[in-house]
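Letters go in sequence order (proteins before strands), and every chain restarts at 1.
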There are 2 protein chains.
Amino acid sequence: MGKEEELLVALRRVIRAVDLRSKQLSKHFGLTGPQLLVMQNIQEKPGIMVREIADNINLSPATITNILDRLEARDLAKRIRSTTDKRKVGVFLTERGKAAVQDSPRPLQEHFVDRFHQLKEWEQSQMVATMQRIATMMDAEDIDASPFLELGSISEKNS
Amino acid sequence: MGKEEELLVALRRVIRAVDLRSKQLSKHFGLTGPQLLVMQNIQEKPGIMVREIADNINLSPATITNILDRLEARDLAKRIRSTTDKRKVGVFLTERGKAAVQDSPRPLQEHFVDRFHQLKEWEQSQMVATMQRIATMMDAEDIDASPFLELGSISEKNS
DNA sequence: TGTGTTTCCTTTGATGTCCAACTAATTCTT
DNA sequence: AAGAATTAGTTGGACATCAAAGGAAACACA
């Protein structure tokens with residue numbers, strides 16, 4: 001099987017691990033991974049806008065709304081509409097929310113973080129760089145296509 | 001901010017890209033990423049068991065059940081209980097299902113695959129290896145902990 | 001001022017995803 | 001052979017996630 005498929009399998013393992021970590025957080029700590037990330041964002045910048053959070057953690061605004069609904073229902077965060085521009089919504093932490101973020105665990109598995117820190121500096125960088133590269137290769141949706149065809153070898157035509 | 005967080009951000013980008021690809025597939029082709037992967041698995045081994053599929057693509061059996069429900073409802077796959085061991089369920093593709101898998105697109109973005117193939121052999125390998133390493137670092141949940149304490153530096157005790 | 005566009009957020013509807021609990025069937029013990 | 005433990009799969013409930021559609025408000029510009 002091709003390297004491409006191996007990559008996909010490894011990717012699925014990682015995605016699953018992240019998801020399981022989220023479930024684990026939810027169970028032992030009461031907040032899922034995304035909820036935690038959202039709250040950390042709010043903490044860093046009280047009054048942050050929905051859109052901003054979405055961009056920061058790479059989720060759609062719809063998803064953030066969804067998450068905020070739950071946080072608000074549990075009195076961990078609150079939304080306040082701007083008076084100057086009533087389209088905008090500033091998000092804040094409640095006292096309970098602040099307390100929760102204080103003693104929050106890490107979004108990634110503790111033991112992953114431990115191991116990651118045990119790696120040599122250059123290995124860490126290399127790992128980050130590879131992941132970023134994959135991300136970039138995946139989400140640049142529009143660029144490329146025609147411009148590249150004249151340059152490179154048209155290596156194989158499939159089927 | 002730490003490398004660890006950079007990694008998390010890149011990871012979220014990748015996860016999102018995979019998810020968006022899935023939505024895109026669903027829209028243009030009628031099957032989501034996971035559905036497609038499940039069907040490819042069935043194609044390769046007709047009569048495959050639910051558990052096997054789950055292991056192959058790194059999802060829980062519950063999720064596979066869920067996906068199979070939909071596939072069966074759309075007459076793309078069917079389940080047949082084993083007669084010798086009635087706990088077991090063999091999964092097969094219907095004629096429609098076979099046809100669908102035939103002209104199915106790739107689970108990953110076409111342009112990602114293209115770019116990936118443009119990389120040099122060693123770069124591809126390196127990319128796969130890194131991803132596998134991350135996966136391994138994340139999902140070895142049980143190992144470590146106590147066995148390591150006597151050897152290494154007890155770096156920090158938390159709270 | 002009025003109409004059209006853009007921006008920001010929310011709602012709706014569909015998947016995916018898991019765990020925990022459950023049923024059914026098989027195998028192991030004594 | 002009866003009861004216990006294990007295995008296979010499903011169900012129920014909760015979140016995450018998105019696109020598309022739907023307001024509401026602000027802006028733009030004639």
Side-chain angles (χ1 to χ4, degrees), chain A residues 12-38 47-55 57-74 79-91 107 139 141, chain B residues 12-38 47-55 57-74 79-91 107 139 141:
Chain A
R12 295 213 60 82
R13 278 174 65 198
V14 172
I15 291 174
R16 186 178 194 195
V18 169
D19 191 54
L20 292 180
R21 170 58 171 172
S22 177
K23 298 267 159 68
Q24 183 191 29
L25 283 176
S26 173
K27 188 175 163 192
H28 295 313
F29 176 65
L31 289 175
T32 65
Q35 288 172 351
L36 181 53
L37 289 174
V38 167
I48 193 173
M49 285 171 46
V50 173
R51 177 99 231 161
E52 264 181 293
I53 301 175
D55 289 342
I57 62 181
N58 265 289
L59 291 173
S60 78
T63 303
I64 305 300
T65 291
N66 195 344
I67 291 172
L68 286 177
D69 285 346
R70 286 180 227 279
L71 293 180
E72 208 165 19
R74 291 167 56 190
R79 284 181 266 211
I80 299 181
R81 271 215 130 67
S82 163
T83 49
T84 63
D85 183 341
K86 292 195 213 127
R87 290 168 308 180
K88 296 181 180 173
V89 168
V91 188
D139 57 26
E141 190 64 54
Chain B
R12 295 214 60 82
R13 279 175 64 199
V14 172
I15 290 175
R16 185 176 196 198
V18 170
D19 190 54
L20 292 181
R21 170 59 171 171
S22 177
K23 298 267 160 69
Q24 183 191 30
L25 283 176
S26 173
K27 189 175 162 191
H28 295 314
F29 176 65
L31 290 174
T32 65
Q35 288 172 349
L36 181 53
L37 289 174
V38 167
I48 192 172
M49 285 172 46
V50 172
R51 176 99 231 159
E52 264 181 292
I53 302 176
D55 290 342
I57 62 181
N58 264 289
L59 291 173
S60 79
T63 303
I64 304 300
T65 291
N66 197 343
I67 292 172
L68 285 178
D69 284 348
R70 287 180 226 279
L71 292 181
E72 208 164 19
R74 291 167 56 191
R79 284 181 265 211
I80 299 181
R81 272 213 129 70
S82 162
T83 48
T84 62
D85 183 342
K86 291 196 214 128
R87 290 169 309 180
K88 296 181 181 175
V89 168
V91 187
D139 57 26
E141 189 65 53

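- Heavy atoms of B:Arg21 sit nowhere under 4.0 angstrom from any nucleic acid atom.
- With distances taken from any side-chain atom of A:Gln35 to the nucleotides D:dA16, C:dA20, C:dC19, the minimum falls on D:dA16.
- Side-chain atoms of A:Lys86 lie closest to D:dA25 of the nucleotides D:dC15, D:dA25, C:dT15.
- Rounded to a whole Å, the CZ atom of A:Phe29 is 15 Å from the P atom of D:dC15.
- The CD1 atom of A:Ile64 sits 4.0 Å away from the CD1 atom of A:Ile57 when rounded to the nearest 0.5 Å.
- The CG atom of A:Leu71 sits 12 Å away from the P atom of C:dT10 (whole-angstrom rounding).
- Distances shorter than 4.0 Å separate none of the side-chain N or O atoms of A:Arg51 from OP1 or OP2 on C:dC9.
- Distances shown here put a side-chain N or O of B:Arg79 below 4.0 Å from the OP1 or OP2 atom of D:dT10.
- Between B:Gln24 atom CD and D:dA20 atom P there is a gap of 11 Å when expressed in whole angstrom units.
- A:Thr63 has no side-chain polar atom (N or O) that falls below the 4.0 Å cut-off from OP1 or OP2 of D:dT17.
- Proximity of a side-chain donor or acceptor of B:Glu72 to a complementary backbone N or O of B:Arg79 within less than 3.5 Å is detected.
- At D:dT17, one or more side-chain N or O atoms of B:Arg12 fall inside 4.0 Å of OP1 or OP2 (strictly under the cut-off).
- Set against D:dC15, D:dG9, D:dA25, the side chain of A:Asp85 has D:dA25 as its closest nucleotide.
- The C1' atoms of five pairs define one axis at each end of the helix from C:dT1-D:dA30 to C:dT30-D:dA1, and these two axes lie 10° apart (to 10°).
- Residues B:Ala62 and B:Arg16 each lie close to DNA chain D; by heavy-atom proximity, the contact nearer the 5' end of the strand is made by B:Ala62.
- Atoms CG and CG, from A:Asn66 and A:Leu71 in turn, are 10.0 Å apart once rounded to the nearest 0.5 Å.
- Between atom OG1 of residue A:Thr32 and atom CZ of residue A:Arg21 there is a gap of 11.5 Å, rounded to the nearest 0.5 Å.
- Closest approach of A:Arg12 and B:Leu59 over heavy atoms only: NH2-CD2, 3.6 Å.
- Comparing A:Ser26 and B:Asp19 along DNA chain D, the residue whose closest nucleotide (by nearest heavy atom) sits nearer the 5' end is A:Ser26.
- Nucleotide C:dC9 holds its P atom 13 Å from the CG atom of A:Asp69, rounded to whole Å.
- One atom, NE2 of A:His28, and another, C1' of C:dC19, lie 12 Å apart when rounded to the nearest Å.
- Where A:Met49 and B:Ile67 meet DNA chain C, the nucleotide closest to each residue was compared, and A:Met49 sits on the side nearer the 5' end.
- Counting non-hydrogen atoms under 4.0 angstrom, B:Ile64 reaches nothing in the nucleic acid.
- The CZ atom of A:Arg74 lies 9.5 Å from the CZ atom of A:Arg70; values are rounded to the nearest 0.5 Å.
- One finds no side-chain N or O of A:Lys27 lying less than 4.0 angstrom from the OP1 or OP2 phosphate oxygen of D:dA14.
- Looking at heavy-atom distances under 4.0 Å, A:Ser82 makes no contact with the nucleic acid at all.
- Distance from the side chain of A:Thr65 is smallest to C:dT10 among D:dA16, C:dT26, C:dT10.
- Spacing between atom CG of A:Leu68 and atom C1' of D:dA16 amounts to 13 Å, rounded to whole angstrom units.
- Backbone-only engagement by A:Thr32 is indicated by non-hydrogen atom pairs under 4.0 Å involving sugar-phosphate atoms exclusively.
- B:Arg16 CZ to B:Ser22 OG: the interatomic distance, rounded to the nearest 0.5 Å, is 13.5 Å.
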- Task: Decide yes or no on side chain to side chain contact (heavy atoms under 4.5 Å, CB included) for A:Thr63 and A:Ile67, but give the supporting numbers first.
- Result: CA-CA 6 Å; A:Thr63 303; A:Ile67 291 172; 4.0 Å; yes
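- With rounding to whole Å, A:Asn66 atom CG is found 10 Å from C:dT11 atom C1'.
- Of all nucleotides listed (D:dC18, C:dT6, C:dC9), C:dC9 comes nearest to the side chain of A:Val50.
- Separating the CD1 atom of B:Ile53 from the P atom of C:dT17 is a distance of 13 Å, rounded to the nearest angstrom.
- Panel note: side chain A:Thr65, backbone A:Pro61; a donor-acceptor pair is recorded below 3.5 Å.
- Each of A:Pro61 and A:Lys23 has a nearest nucleotide on DNA chain C; the 5'-most of these lies closest to A:Pro61.
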